[in-house]
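Given the structure is predicted, the values throughout are model-derived calculations rather than measurements. Start at 1 with the first residue, then count along the sequence.
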Amino acid sequence: MKSKGTLFFGPLLLLMATQTASAAQLSEGEVIDILQKIPPLIEKHHVDDLRAQTIAASFADLTQSGKYKAITKAKMLADVVSQDLKEISSDGHLYLSYNDATALNSEEESDEKNWQAVERTSEINLNYGFKRIEVLEKNVGYLKIVEWMHPKRSLSTAVAAMKLIENTNGLIIDIRGNGGGYPGIMEYILNHYFQGPPRLLSTTHYSGGETLPHTKYTSDLIQGKLMVGKPLYILVDNGTGSASEYFAYTLQSFGKATIVGSNTAGAANMNSYYSLGNNFRLSISTASPINAKTGSNWELTGITPDIVATEKDALTLALEHFSE
C-alpha cells in the first residue's frame with residue numbers, strides 16, 4: 001500500500017500514465033466491464049464504511065445514466081471517471097488511472113508489472129524525488145523533494161542529500177506540489193528531528209477491521225548527524241498531499257517545524273490499488289492515520305501554515321527567519 005494525496009502520488013502518476021493514451025480505444029463492452037467493477041470495490045475496501053456506500057451508490061447512478069456510454073478512449077474514460085469520483089467523494093485518493101506504457105493486457109499480474117515499469121522510469125527521471133539540494137546563504141540547507149519514491153531504491157539518494165546539509169545552521173524543505181508517495185523516505189528524514197527512546201507518532205486504522213491498527217514510532221536508524229534543535233521550515237501549498245502532509249503535520253504537531261505557504265490538500269488517508277484489467281487500476285482510500293499528539297488528522301481540512309505566504313514569497317520568508 002502506498003500513501004497518496006488528493007490526486008497526489010496519484011496526480012503525478014495519473015498524468016504520466018494517461019498523457020500518451022489518447023489513441024487507445026475501448027469497446028462498449030470493455031467500458032461497461034471496467035465501470036461495473038468500481039462500486040463493489042469501493043464498498044468493500046474504502047476506509048469509511050458510511051461514505052463508501054454513498055459514494056458507490058452515486059457512482060452506480062452515474063454509470064446507469066449513460067454518461068460514459070459514448071466514451072471510447074482510455075485516457076478520456078480515466079480522466080472523466082476520476083473527476084466524477086473526486087466530486088462525489090471529496091476524496092483525492094479515489095480515482096481511476098490508465099497505463100499506456102505497454103500493450104494492453106487484461107491479466108492482473110501483467111498490469112502490475114506494467115505499472116512498476118512506469119514507476120521505476122519516473123524514479124530515475126526525478127532523481128528519486130530529490131530535484132534540488134543545496135546550501136543557501138546564511139548556511140541554510142535547502143531540499144526540494146517532488147515525490148516520496150520507493151524507499152529501497154531511493155534511500156541512498158536520501159542519505160546523500162541529508163549528509164550534504166547536515167552541517168548547516170538549519171533546513172528548508174520544499175514539498176510544494178509533492179502529492180505523496182511511499183512513506184519510507186519521508187520517515188527517514190523525519191527521524192533526524194527526534195532523539196531518545198522511540199516515540200509514538202501515529203496509529204493507522206484500516207478498512208474492514210481485518211487488519212489490526214499499525215503504530216508508527218520514531219527511529220534512530222539514520223546515517224549522519226541528527227538535526228534536533230536546528231530550525232526547520234517546511235514549504236507547502238495546495239498541491240502538498242498525503243505522505244507529504246503526514247510529514248509536515250507530524251513535525252508541526254510535535255513542535256519540530258514551522259510550516260510556510262498555503263493550506264494543503266487535505267488528503268490524510270492512505271490508498272491501495274485494485275486492477276480492473278486492460279491496464280486500468282482503481283485507487284481507493286483504505287487506511288486512516290491518527291496523530292498521537294492531536295488525536296486527529298488533516299483529512300479534508302488540510303494543514304494550516306504557521307506563516308501564510310504566496311508561492312513567490314514562501315522561500316524568501318522562510319530564509320528571513322534565519323540569523324547570519
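- For the pair K138 (side chain) and L319 (backbone), a donor-acceptor distance under 3.5 Å is present.
- Between Y274 and H45, the two ring planes are parallel [angle under 30°; tilted spans 30° to 60°].
- Using a 4.5 Å cut-off on side-chain heavy atoms (C-beta onward), W148 and N178 make contact.
- No donor-acceptor distance shorter than 3.5 angstrom exists from the side chain of D84 to the backbone of D79, with no hydrogens or angles considered.
- Judged purely by distance below 3.5 Å, without hydrogens or angles, the side chains of S262 and D237 never pair a donor atom with an acceptor atom.
- When each of F194, Y249, F247 is checked for a ring pair (Phe, Tyr, Trp, His ring centres under 6.0 Å) with F254, only F194 meets the rule.
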Passes salt bridge (charged side-chain N to carboxylate O under 4.0 Å, His left out), K163 versus E166? Steps please.
CA-CA 5 Å; K163 288 289 291 181; E166 68 180 6; 3.1 Å; yes

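- Residue-environment remark: CD (Q223) stays at or below the threshold of 12 foreign heavy atoms within 6.0 Å.
- The main-chain N or O of T304 is found under 3.5 Å from a side-chain atom of Q252 such that the two form a donor-acceptor pair.
- Side chain of R51 to backbone of S89: a donor-acceptor contact under 3.5 angstrom is found.
- One N or O on the side chain of E245 and one on the backbone of A267 form a donor-acceptor pair closer than 3.5 Å.
- A donor-acceptor distance shorter than 3.5 angstrom exists from the side chain of T218 to the backbone of R199, with no hydrogens or angles considered.
- With hydrogens and angles ignored, the 3.5 Å screen pairs no side-chain donor or acceptor of S244 with any backbone N or O of T240.
- Side-chain polar atoms of T316 and D313 form no donor-acceptor pair below 3.5 angstrom.
- Inspection of the T168 and N139 side chains reveals no N or O donor paired with an N or O acceptor under 3.5 Å.
- Here the side chain of E299 pairs a donor or acceptor atom with the backbone of A268 at under 3.5 angstrom.
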